[in-house]
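Position 1 is the first residue of the sequence; numbering continues from there.
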Amino acid sequence: MAYAAEDVIANGECGARGDNLTWELTSDGTLTIRGEGKMKNYSSGSSTPWYDHRNSIKTVIIEPGATNIGYYAFSYCNYLTSITIPDTVTSIGECAFLGCYHLANITIPGSVTSIGGRAFSGCDSLANVTIQDGVASIGDYAFVRCTSLTDISIPGSVTSIGRYAFSECKSLANVTIQDGVTSIGEYAFSKCKSLTSITIPGSVTGIGKYVFSECKSLASVTIQDGITSIVEYMFYKCTALTDVSIPDSVTVIGCSAFSDCDSLTSITIPNSVTSIDTFAFWGCALTDITIPDSVTRFGQSPFGDCDSLTSVTIPNTVTNLGLEPFKYCDSLVSITVPQHFTTVEDVFPNCPAIKSVTILDGTTKIHGSAFKGCSALTSITIPDSVTYIGGSAFSMCKSLTDITIPDSVTSIGSYAFYYCTSLTDITIPDNIRSIGDYVFSCCYDLISITIPDGATKIGKGTFEDCKSLADITIPNSVASIGDSAFEDCINLLDVYYIGTEEEWAAIQIGDGNDFLTDADIHFHNHSYTTVITPPTCTEQGYTTYTCDCGDSYVADYVDGGHNYENGICTNCGDRKYIPGDVDTNGTIDVDDVLAL
């Protein structure tokens with residue numbers, strides 16, 4: 001269309017080679033681009049030749065012949081409402097329509113193979129976008145914050161959707177991704193708060209983290225067979241999500257993949273998954289979960305804060321439970337640790353509903369904080385294979401009334417039973433040599449305890465604030481008692497010391513132990529009775545020494561053995577073989593010669 005000279009308010013060149021493309025702006029707000037070839041790429045909106053007239057531009061017509069739309073070409077043309085792109089254009093440059101706040105509709109022809117990064121970023125009024133078949137890539141941030149966009153259909157010709165491509169399109173309710181797309185960049189649809197469902201086609205093999213994070217209305221997700229990983233934060237804070245279909249191609253559920261999906265009550269994990277990573281289902285509303293036999297490892301707290309989770313089955317294939325896998329699972333009531341685990345590490349801290357735990361034989365270590373804060377735990381079975389109980393392992397288990405620690409345990413860490421306020425009775429194994437700091441501190445109901453013979457140290461604050469502790473038995477092997485070990489043990493009246501007054505005086509007793517030193521100290525010198533067990537033909541003899549206090553030991557071993565006379569044991573009748581004694585009567589005589 002030709003305009004009268006008086007209608008043209010500005011014109012010039014905009015071609016990559018100068019005059020190969022020209023532009024003309026008329027008084028009605030129409031900017032027309034004419035010519036052939038490439039448009040110039042601009043470094044910013046202010047470097048475009050029509051920048052000073054940008055608020056007058058309402059319509060852009062690019063006539064056939066132009067092959068691209070340059071970088072920043074129409075950025076911040078605040079009153080631009082429509083544009084015509086011919087099928088000679090093959091690319092839309094970066095930031096080409098950045099901040100065109102009034103642009104409402106656009107059709108991108110199939111001749112365009114690439115939509116550049118931030119091409120339509122911040123086009124607040126852009127409600128309708130048609131991407132025709134032929135477009136191959138959508139760049140990073142291409143439509144970010146197009147807050148009026150409600151629907152988008154991505155054709156099968158597109159192979160890649162860039163990072164943040166449709167992020168924060170808060171009105172985007174319907175997205176169709178055609179089979180053909182192979183990669184979706186990180187955050188591509190994050191914070192699309194109106195999006196209700198999505199199907200990820202099987203052609204997609206690569207997908208970025210946070211891709212659908214904080215899509216608050218997203219309720220249903222179908223993932224077709226193709227991707228191998230539910231990546232980090234993929235559905236993070238999708239608070240309406242209730243239905244997810246995970247295909248058999250998936251082997252990894254990534255870090256925080258479904259974290260804080262607080263409407264997700266159930267999910268089926270396929271038998272292809274081998275790893276469930278850190279915080280994968282943190283804060284979900286799951287009530288129960290079946291972990292398939294294919295899973296071998298957990299990351300840290302994959303089911304943490306699932307406060308509706310009541311039961312979990314851990315298959316024997318899992319070799320690494322990670323740290324605190326069920327932390328803050330307030331409704332979890334029971335669980336069995338698989339037999340092949342040799343170490344229990346921070347498995348159930350702060351699971352206030354769990355009442356019973358069975359640790360199967362084969363476990364050798366219960367590490368620090370393993371059951372910390374399990375306030376409903378009343379019983380636990382510790383097998384004879386356990387040798388170590390770590391710091392705070394059972395701290396704040398307020399319902400635990402008694403526990404049997406097997407003789408196999410040689411070390412108990414600091415705070416191991418701290419604040420077990422219902423614990424009334426505990427037996428410390430004979431193999432314990434050192435009792436760590438604050439091990440039984442604040443065990444308010446603990447009445448009596450015996451320190452095993454052989455223990456050399458009672459740590460700092462070990463029995464601090466055990467207000468019901470009335471008596472304690474301490475052996476003469478103890479050489480030191482730490483500061484405040486018995487502080488605020490207000491009912492401690494009797495100390496039974498298995499030793500002499502001189503040995504008691506030699507113990508290094510730290511400050512803050514007035515309730516210990518002011519108690520009645522009952523000294524005890526062992527008085528042993530003896531029981532002699534004579535030797536036998538096959539066993540040693542020995543003497544058992546027993547004191548009326550219960551202490552006992554065995555000593556004075558005497559070798560046993562047969563007492564042979566004429567080749568026959570006088571004790572048991574065993575016959576000793578003598579070479580030449582054919583008739584085995586214990587002597588060599590004429591009968592033996594004749595027998596030969």
Side-chain angles (χ1 to χ4, degrees), residues 278-279 282 297-305 314 318-330 332 335-338 340-352 354 356-360 362-400 403-406 408-423 426 428-429 431-443 446 455 457-466 482 484-485:
T278 298
F279 304 130
W282 178 279
R297 66 171 296 276
F298 288 172
Q300 182 177 350
S301 297
F303 299 98
D305 203 29
I314 302 174
V318 177
T319 58
N320 184 352
L321 276 173
L323 293 176
E324 303 175 335
F326 303 101
K327 185 176 184 179
Y328 301 129
C329 289
D330 294 349
L332 190 63
I335 197 158
T336 299
V337 179
H340 63 273
F341 277 97
T342 58
T343 301
V344 179
E345 295 187 76
D346 297 1
V347 180
F348 309 103
N350 298 294
C351 292
I354 198 164
S356 65
V357 172
T358 300
I359 302 173
L360 299 179
T363 301
T364 59
K365 294 181 179 180
I366 300 174
H367 270 290
S369 301
F371 301 95
K372 180 179 179 181
C374 293
S375 55
L377 184 64
T378 57
S379 66
I380 186 162
T381 301
I382 301 176
D384 290 338
S385 55
V386 172
T387 61
Y388 171 81
I389 297 176
S392 298
F394 298 94
S395 67
M396 293 186 282
C397 292
K398 298 179 183 180
S399 300
L400 192 63
I403 188 169
T404 299
I405 303 174
S408 56
V409 174
T410 60
S411 178
I412 301 176
S414 299
Y415 292 92
F417 296 93
Y418 168 76
Y419 214 74
C420 290
T421 55
S422 299
L423 190 64
I426 192 163
I428 302 174
N431 290 322
I432 296 293
R433 294 295 174 262
S434 177
I435 301 173
D437 297 342
Y438 300 96
V439 171
F440 300 101
S441 176
C442 297
C443 291
L446 189 63
K457 177 184 176 182
I458 299 174
K460 180 171 64 176
T462 298
F463 299 98
E464 182 183 45
D465 216 17
C466 290
S484 302

Residues forming a side-chain contact (heavy atoms from CB on, under 4.5 Å) with T278, sequence neighbours excluded = C255, Q300

With T421, which residues qualify under side-chain contact (heavy atoms from CB on, under 4.5 Å), at least two apart?
-> K398, Y419, Y444

side-chain contact (heavy atoms from CB on, under 4.5 Å) between I426 and F440, intermediate numbers included | CA-CA 10 Å; I426 192 163; F440 300 101; 3.6 Å; yes

Can you list every side-chain hydrogen bond (donor to acceptor under 3.5 Å, both in side chains) pair that touches residues 380-390, not counting sequence neighbours?
-> D361-S385

Keeping the roles fixed (side chain from S414, backbone from D437), state whether a donor-acceptor pair exists under 3.5 Å.
-> yes

Can you sort out the partners of D305 under side chain to side chain donor-acceptor pair (under 3.5 Å), two or more places apart, ordered by chain and number?
-> none

Counting N and O atoms only, with roles assigned by atom type, does the side chain of S441 sit under 3.5 Å from a partner on the main chain of Y418, one being a donor and the other an acceptor?
-> no

Of all heavy-atom pairs between C397 and L377, which one has the smallest distance, and what is that distance?
-> SG-CD2, 4.1 Å

Taking the side chain as every heavy atom from C-beta outward, state whether D330 and P352 have any atom pair closer than 4.5 Å.
-> yes

Kindly indicate whether the side chain of I405, heavy atoms from C-beta on, has any atom under 4.5 Å from the side chain of I412.
-> yes

Return the minimal non-hydrogen interatomic distance between C466 and C442, and the atom names on each side.
-> SG-N, 4.3 Å

Not counting sequence neighbours, which residues clear side-chain contact (heavy atoms from CB on, under 4.5 Å) with S301? List them please.
-> F279, W282, E324, K327

To the nearest 0.5 Å, what is the distance between OG (S375) and CG (N350)?
-> 8.5 Å

So which heavy atom on P406 is nearest to which on T404, and how close?
-> CD-O, 3.6 Å

Euclidean distance, S422 OG relative to L446 CG, rounded to 0.5 Å | 11.5 Å

Classify the ring geometry between F417 and F394 as parallel (under 30°), tilted (30 to 60°) or perpendicular (over 60°).
-> parallel

On a heavy-atom basis, the closest approach of G390 and A416 is O-CB, 3.8 Å

Quick one: CG on L400 to CZ on F371, what's the gap to the nearest 0.5 Å?
-> 10.5 Å

Looking at residues at least two apart in the chain, or sitting in another chain, which of them share a salt bridge (Lys or Arg N to Asp or Glu O under 4.0 Å) with R433?
-> none

Please tell me if the side chains of F326 and I354 come closer than 4.5 Å, counting only heavy atoms from C-beta onward.
-> no

